[in-house]
Amino acid sequence: MTDFAIKLQQWFTVNKRELPWRMVNDPYKVWLSEIILQQTQVVQGESYYLKFVDSFPTVFDLASASEDRVLRRWQGLGYYSRARNLHAAAKTIVDDYNGVFPNTFNDIIKLKGVGPYTAAAIASICFDEPCAVVDGNVFRFISRLKGISTAIDSTVGKKEFSQIADELLDKENAGEHNQAMMEMGALVCRPSNPLCHDCPFNTDCVALASKQIGNLPYKEKRTKQRARYLHFFLIRNENKIVLEKRNAKDIWKNLYQLPLKETRSAKKIKSFDLRESQPLFVKKYKHILSHQILYASFYFADKSVLSQLEGEYFDVDLELLDDYAFPQLVVNFLSDVGVVKTD
DNA sequence: AAGACGGGGTA
DNA sequence: TACCCAGTCTT
């Protein structure tokens, strides 16, 4: 065991957070937590984890549930392919593994939605396989500790950081070591205002000595956003409203929404002939996603507007809206006009 | 190799 | 604003 690994695990023993998925090393629950925490902070994912464990205590419960029910539990968390893949993988585990979670990195990574990070996390935490995890926390911690400015979003960077993580790994305690690496990145070696004064490695840190903390890790790509203009129609009759399901390869796949007309610009809706149904403007929202800025308008309308739209529409009783997963944008609107209560 | 994919938080 | 988050999949 290296001095680094000893110091790291001593720090972890004292400072680790009590998180619900750390109570037991049930691979089903560890898997669930890892999928939920992809690109998601612990504070945001924790309540979803508890909801999932409560709704689907075992992989059999998850596999036998409908996709609608799984997506509804995921509502508001984003990156919904995670939920769809989670559901598909649960079926694989039940059908191909008799419900017994695969126990090697090479089998685990075959599951839908499981990549190198998640496979290493599960294999090390649950099955003591010596695989080093490399997530955003580990990239940051290593790049600063070693003073490495290779882009973390490049192919060579991924290889380089992964190799260093392998060298640092305590192979006898891979699961604890990996969690300690990530916890360091999350609690001490934070993106901004890292706690270098309290860091057990501050005398070893290359970036700290060279005043490069603020410049590391280095990333070369920056995401570009495009604008979209969405016009939703709230069509209400009696105690029902009209919905449609999103099926396209696009954001929010397999979620539900109000009847939608998308236009190329903010003004195009004016050429959209709505006179007969006399829609009443209600509310505008600007909704920010990683790659898109959504300018959304919501209108009250009646059923005649549907003849001017293309889509498969159906009525749903207001009492049953809880069974459908909606994009957060739609949840915000329905909540603001009192059609639904927020959970 | 580069984009797409959500939503919330920080400075 | 810009960047980040216990990343993965598609093109």
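Chain letters run A, B, ... following the sequence lines, proteins first and then strands; every chain starts at 1.
- The base of B:dG7 is paired with the side chain of A:Q44 by a donor and an acceptor separated by under 3.5 Å.
- A:K283 forms a cation-pi arrangement with A:Y285, by the criterion of a distance under 6.0 Å to the ring centre and an angle within 45° of the ring axis.
- Ion pairing between a basic and an acidic side chain is recognised when a charged N comes within 4.0 Å of a carboxylate O; A:E183 and A:R17 show such pairing.
- The P atoms of B:dG6 and C:dT11 are separated by 15 Å, rounded to the nearest whole Å.
- Side chains of A:R82 and A:Q38: a donor-acceptor N/O pair is absent below 3.5 angstrom, by distance only.
- Rounded to a whole Å, the CH2 atom of A:W74 is 17 Å from the P atom of B:dC5.
- In this structure, A:F161 places its CZ atom 15 Å from P of C:dG7, rounding to the nearest Å.
- You'll find that the side chain of A:Q292 is closest to B:dC5, out of B:dT10, B:dC5, C:dA6.
- Which of C:dC5, B:dC5, B:dG6 sits closest to the side chain of A:D250 comes down to B:dC5.
- Of the listed nucleotides (B:dA1, B:dA4, C:dA6), B:dA1 has the atom at the smallest distance from the side chain of A:T155.
- Atom pair A:I36:CD1 and B:dG6:P shows a separation of 16 Å (rounding to whole Å applied).
- For the residue pair A:Q179 and A:R22, a side-chain donor N or O sits within less than 3.5 Å of a side-chain acceptor on the partner.
- We find that CZ of A:R222 is positioned 16 Å from C1' of B:dA1, with the value rounded to whole Å.
- Note on A:Y80: a side-chain N or O is less than 4.0 Å away from OP1 or OP2 of B:dG7.
- Residue A:P191 places its side chain closer to C:dC4 than to any other of C:dA6, C:dC4, B:dG7.
- Residue A:L19 is in base contact, counting any heavy-atom pair closer than 4.0 Å across all strands shown.
- Picking from C:dA6, C:dG7, B:dG7 the nucleotide with the shortest atom distance to the side chain of A:Q39 gives C:dG7.
- Of the candidate nucleotides C:dA6, C:dT8, C:dC4, C:dT8 has the atom lying nearest to any side-chain atom of A:T118.
- Distances shown here put every side-chain N or O of A:R82 at or beyond 4.0 Å from the OP1 or OP2 atom of B:dG6.
- Close to B:dT10, at under 4.0 Å from its OP1 or OP2, lies no side-chain N or O of A:N193.
- The nearest heavy atom of DNA chain B to A:I288 and to A:K221 marks one nucleotide each, and the one closer to the 5' end goes with A:K221.
- Counting atom types as modelled, A:T223 pairs no side-chain N or O with a base atom of B:dG3 as donor and acceptor under 3.5 Å.
- Residues A:Q163 and A:E167 have side chains that bring a donor and an acceptor to within less than 3.5 angstrom of each other.
- A:G78 comes within 4.0 angstrom of a nucleotide base, judged by non-hydrogen atoms across all strands.
- Its side chain within the 4.5 Å cluster rule, A:F161 clusters with A:F4, A:L8, A:W11, A:F12, A:Y117, A:V133, A:V134, A:V138, A:F139, A:F141, A:I142, A:L145, A:I148, A:I152, A:I164, A:L168, A:M181, A:M182, A:M184, A:L187, A:V188, A:L195, A:F201 among the Ile, Leu, Val, Met, Phe, Trp and Tyr residues.
- Using a 3.5 Å distance cut-off with no hydrogens or angles, the side chains of A:S55 and A:R69 do not pair a donor with an acceptor.
- Distance, A:D153 CG to C:dC9 C1': 17 Å, rounded to whole Å.
- Rounded to whole Å, the distance from CG on A:L37 to P on C:dG7 is 8 Å.
- If you take SG on A:C189 and CG on A:L208, they are separated by 9.5 Å, rounding to the nearest 0.5 Å.
- A:S192 comes within 4.0 angstrom of sugar-phosphate atoms only, judged by non-hydrogen atoms across all strands, and of no base.
- Side-chain contact check for A:E176 and A:N173: no donor-acceptor pair (N or O, by modelled atom type) lies under 3.5 Å.
- The NE2-P distance, from A:H291 to B:dC5, rounds to 8 Å in whole Å.
- Across the P atoms, B:dG3 and C:dA6 are found 25 Å apart, a figure rounded to whole Å.
- Distance from the side chain of A:K249 is smallest for C:dT11 among the nucleotides B:dC5, C:dT11, C:dC5.
- Rounding to whole angstrom units, CD1 of residue A:I35 and C1' of B:dC5 are separated by 15 Å.
- Toward the 5′ end of DNA chain B lies the nearest nucleotide of A:S154, the other residue of the pair A:S154 and A:K224 mapping further downstream.
- If you find the closest nucleotide of DNA chain C to A:E34 and to A:V114, the one lying nearer the 5' end belongs to A:E34.
- Distances shorter than 4.0 Å separate some side-chain N or O of A:H287 from OP1 or OP2 on B:dG7.
- Taking for each of A:N85 and A:A186 the nucleotide of DNA chain C with the nearest heavy atom, the 5'-most of the two is the partner of A:A186.
- Checked against C:dT8, B:dG8, C:dA6, the side chain of A:Q328 finds its nearest nucleotide in B:dG8.
- Near-neighbour residues of DNA chain C inside residues 166-185 of chain A, defined by a heavy atom below 4.0 Å, number-ordered: A:M182, A:E183.
- Counting non-hydrogen atoms under 4.0 angstrom, A:R22 reaches a base of the nucleic acid.
- In terms of heavy-atom proximity, A:A132 sits nearest to A:D166 at CB-OD1, 3.3 Å.
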